[in-house]
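Sequence lines set the chain letters: A, B, ... in the order given, protein chains first and strands last, and positions in each chain run from 1.
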2 protein chains.
Amino acid sequence: MHGARPTIGDVARAAGVSKGTVSLAYSGKRPVAEETRRRIFAAAESLRWTASSSAQALATSRTSTIGLVIARRPEIIATDTFFPRFIAGCEAVLAEAGMGLMLNVVADDDAETAAYERYAAGRVDGVILLDVEQGDRRPDLVRELGLTAVILSAEAPHEEEPVDTPVTPVVYTEDAAAVGELVELLVDAGHSSIAHVSGPLRYVHAAARRDAFAAAMTRHGLLPDRIVEGDFTAASGRDATAALLDGDDHPTAIVYANDVMAIAGLSYARSSGLRIPEDLSVTGFDDSELSAHLSPGLTSVSTGADVRGAVAARTLLAALGGDAHRSVLVDGTVVVRRGSIAPPSQP
Amino acid sequence: MHGARPTIGDVARAAGVSKGTVSLAYSGKRPVAEETRRRIFAAAESLRWTASSSAQALATSRTSTIGLVIARRPEIIATDTFFPRFIAGCEAVLAEAGMGLMLNVVADDDAETAAYERYAAGRVDGVILLDVEQGDRRPDLVRELGLTAVILSAEAPHEEEPVDTPVTPVVYTEDAAAVGELVELLVDAGHSSIAHVSGPLRYVHAAARRDAFAAAMTRHGLLPDRIVEGDFTAASGRDATAALLDGDDHPTAIVYANDVMAIAGLSYARSSGLRIPEDLSVTGFDDSELSAHLSPGLTSVSTGADVRGAVAARTLLAALGGDAHRSVLVDGTVVVRRGSIAPPSQP
DNA sequence: CTGAAAGCGCTTACAG
DNA sequence: CTGAAAGCGCTTACAG
């Protein structure tokens with residue numbers, strides 16, 4: 001039973017055809033007589049045969065799996081609900097295409113490089129690049145390694161590069177508009193002292209949101225002078241909030257770069273005597289399930305993490321199939337208004 | 001550059017030896033003269049050669065990757081911080097052993113079966129089984145498929161099975177003691193009306209915690225008659241809490257089966273006028289980063305998700321290497337006391 | 001300590 | 001429409 005796995009040869013013999021014909025019947029790359037095909041499928045079924053992936057991989061130089069390396073600290077991965085949703089979205093389209101997902105969680109740059117090198121040694125066909133930074137070395141690294149890649153971003157790619165450069169497709173959302181909308185919601189409610197707790201600014205998505213925040217403030221004639229850099233953890237959300245609320249001239253509203261920081265911040269503010277939303281309005285980002293079921297609910301931004309996963313996977317499959325898109329916009333970013341916004345209480 | 005990947009033949013030629021010797025130099029399965037080895041490594045390095053995993057897999061019938069299928073709905077995966085931490089723990093030991101992790105998120109039983117079948121077609125060497133249910137079909141399924149497996153559980157395995165049955169190692173924590181401790185903490189604080197919001201009871205870990213809750217209550221002479229089944233989402237935590245607080249004779253403390261339900265429940269209770277912890281004490285489970293940075297913090301149980309991942313991976317590697325443990329206890333479950341417990345306010 | 005050769009289980013030109 | 005055979009890039013008895 002173990003180790004007695006049937007091979008394509010067994011099926012061929014049972015069906016009275018050659019191995020090549022069995023292969024063709026399954027791949028459909030060339031026509032096979034209807035009746036022959038039937039015999040082959042029957043034989044395969046009764047033997048419970050499935051093609052060996054390693055043999056296929058060796059013969060075709062295709063592994064039918066894609067790779068994803070996550071380079072964040074475990075507590076951040078656990079805290080941020082983006083990853084699991086993104087992965088679930090990927091899976092949905094990969095499974096349909098019969099592809100697998102190889103996952104690597106790495107602690108540092110060396111481990112990350114090692115992971116990509118193992119990928120390139122015939123473990124995966126392509127990769128999705130997450131958490132891209134300014135001047136990120138990974139696009140070049142994976143290109144050198146011969147891996148097809150797709151980049152996930154939170155803003156449209158710059159069009160500076162020469163046209164003839166082999167381009168890595170960028171799958172992006174436009175977070176800026178949503179951040180602008182958040183600020184507008186707050187301004188409309190009467191706030192003028194609005195702070196921002198950002199994500200780690202080395203990430204382009206965090207920087208993009210920060211820039212969008214600053215731009216929106218300026219647009220409304222307000223000074224974007226209260227920006228604290230967080231790292232997406234609850235701990236940083238709490239600490240940033242403590243810093244912002246310290247002193248008497250504290251902001252009346254805070255725009256957080258993710259839900260977890262917002263929830264921790266909100267909890268801190270409440271414990272220090274402020275009422276939410278009467279004394280402090282807050283907004284999150286990424287629309288976690290928890291934020292929707294808090295009382296009052298947390299106003300947040302749904303960025304369609306699962307859809308982004310699906311689109312990224314689809315784009316990568318397309319690139320592997322030879323048609324590389326330069327960029328594709330995932331158009332599902334929408335502000336979800338809940339009870340965490342109110343007019344400021346002080347006159 | 002692409003597709004021009006060097007092969008072991010190239011290295012052999014460059015080093016002036018046979019392919020077999022190159023192979024042996026790397027595997028260390030037989031001694032190779034020091035000076036020969038040096039030449040081989042130098043050649044490999046300058047050619048930037050790494051062995052092709054598909055070729056290795058075909059030749060050895062080993063894929064060097066293990067599989068993990070997660071059969072929960074995406075919003076639950078996203079909400080529960082267990083998975084990412086568990087995976088990070090696995091990764092740490094897998095990476096060290098040069099192994100990969102293949103991940104599959106499936107929506108239903110058919111997709112799950114399909115995933116294991118693909119695994120068995122030479123994609124992975126072994127699997128870790130999560131969220132085991134009563135009479136779970138997966139242990140048999142994977143055994144039939146010839147996959148080595150390890151089961152993650154929240155209680156010691158029953159010793160009923162005949163000794164000669166090929167056994168699937170069980171890696172487990174003893175959640176019961178922690179739940180007992182939680183109840184004791186509450187009873188010591190003066191509570192006698194304590195409720196429990198469980199996870200989906202088809203899971204043995206959820207049932208185990210529920211049973212432990214009931215046993216602890218009974219031990220203290222209390223009636224475990226307020227148990228509501230949740231599903232680990234914030235939505236279910238809120239709804240279960242609403243149900244429990246409905247009416248005038250509501251419990252003064254609630255033991256939740258995970259942190260997210262506790263946080264949503266706590267938020268609901270607060271919004272309906274109760275003070276936490278003065279009017280309602282609450283406890284969570286799994287010790288998420290958020291629960292530690294709430295104000296007041298949420299008393300929870302640290303189950304060492306990452307350690308469990310590491311031990312599960314290590315146990316699986318051992319089983320693949322031929323030495324199967326019957327069961328291994330992960331001994332890191334500890335109650336983390338924070339500010340969410342206080343004596344009941346009513347006399 | 002090393003080499004030559006068979007074999008792992010597929011796919012794919014090449015003939016027919 | 002089908003078969004025979006080479007080849008994908010490794011590993012591993014078998015000789016020496």
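- Taking atom CD1 of A:Ile8 as the reference point, atom C1' of D:dA4 lies 14 Å away to the nearest angstrom.
- Using a 4.0 Å heavy-atom criterion, one finds that A:Lys29 contacts the sugar-phosphate atoms exclusively.
- Along DNA chain C, the nucleotide nearest to B:Leu24 and the one nearest to B:Ser61 differ in position, and the one closer to the 5' end is contacted by B:Leu24.
- No hydrogens or angles considered: nothing links the side chains of A:Tyr116 and A:Asn104 as a donor-acceptor pair under 3.5 Å.
- More than 12 heavy atoms of other residues, nucleotides or ligands lie within 6.0 Å of CZ in A:Arg137, so this atom counts as buried by the packing criterion.
- Between B:Arg138 and B:Glu133, the closest heavy-atom pair is NH2-N, 4.5 Å.
- Atom CG in B:Asp10 sits about 11 Å away from atom P in D:dC8, given to the nearest Å.
- Atom C1' of nucleotide C:dC10 and atom CD of B:Gln56 are separated by 18 Å, given to the nearest angstrom.
- The aromatic rings of A:His205 and A:Tyr203 lie parallel to each other, with less than 30° between the two planes, well short of the 60° mark.
- A close approach under 4.0 Å does occur between a side-chain nitrogen or oxygen of A:Ser23 and OP1 or OP2 of C:dT11.
- Toward the 5' end of DNA chain D, the nearer of the two residues B:Ala51 and A:Gly20, judged by each one's closest nucleotide, is A:Gly20.
- The nearest whole Å value for the distance from the CZ atom in A:Arg62 to the C1' atom in D:dG9 is 18 Å.
- At D:dG3, one or more side-chain N or O atoms of A:Ser18 fall inside 4.0 Å of OP1 or OP2 (strictly under the cut-off).
- The side chain of A:Thr60 contributes no N or O atom lying less than 4.0 Å from OP1 or OP2 of C:dT11.
- Along DNA chain D, the nucleotide nearest A:Arg39 and the nucleotide nearest B:Ala55 are compared for position; the residue whose nucleotide lies closer to the 5' end is A:Arg39.
- Contact annotation: A:Thr36 side-chain N/O to D:dT2 OP1/OP2 distance is under 4.0 Å.
- Of the side-chain N and O atoms in A:Thr7, none sit less than 4.0 angstrom from OP1 or OP2 of C:dG9.
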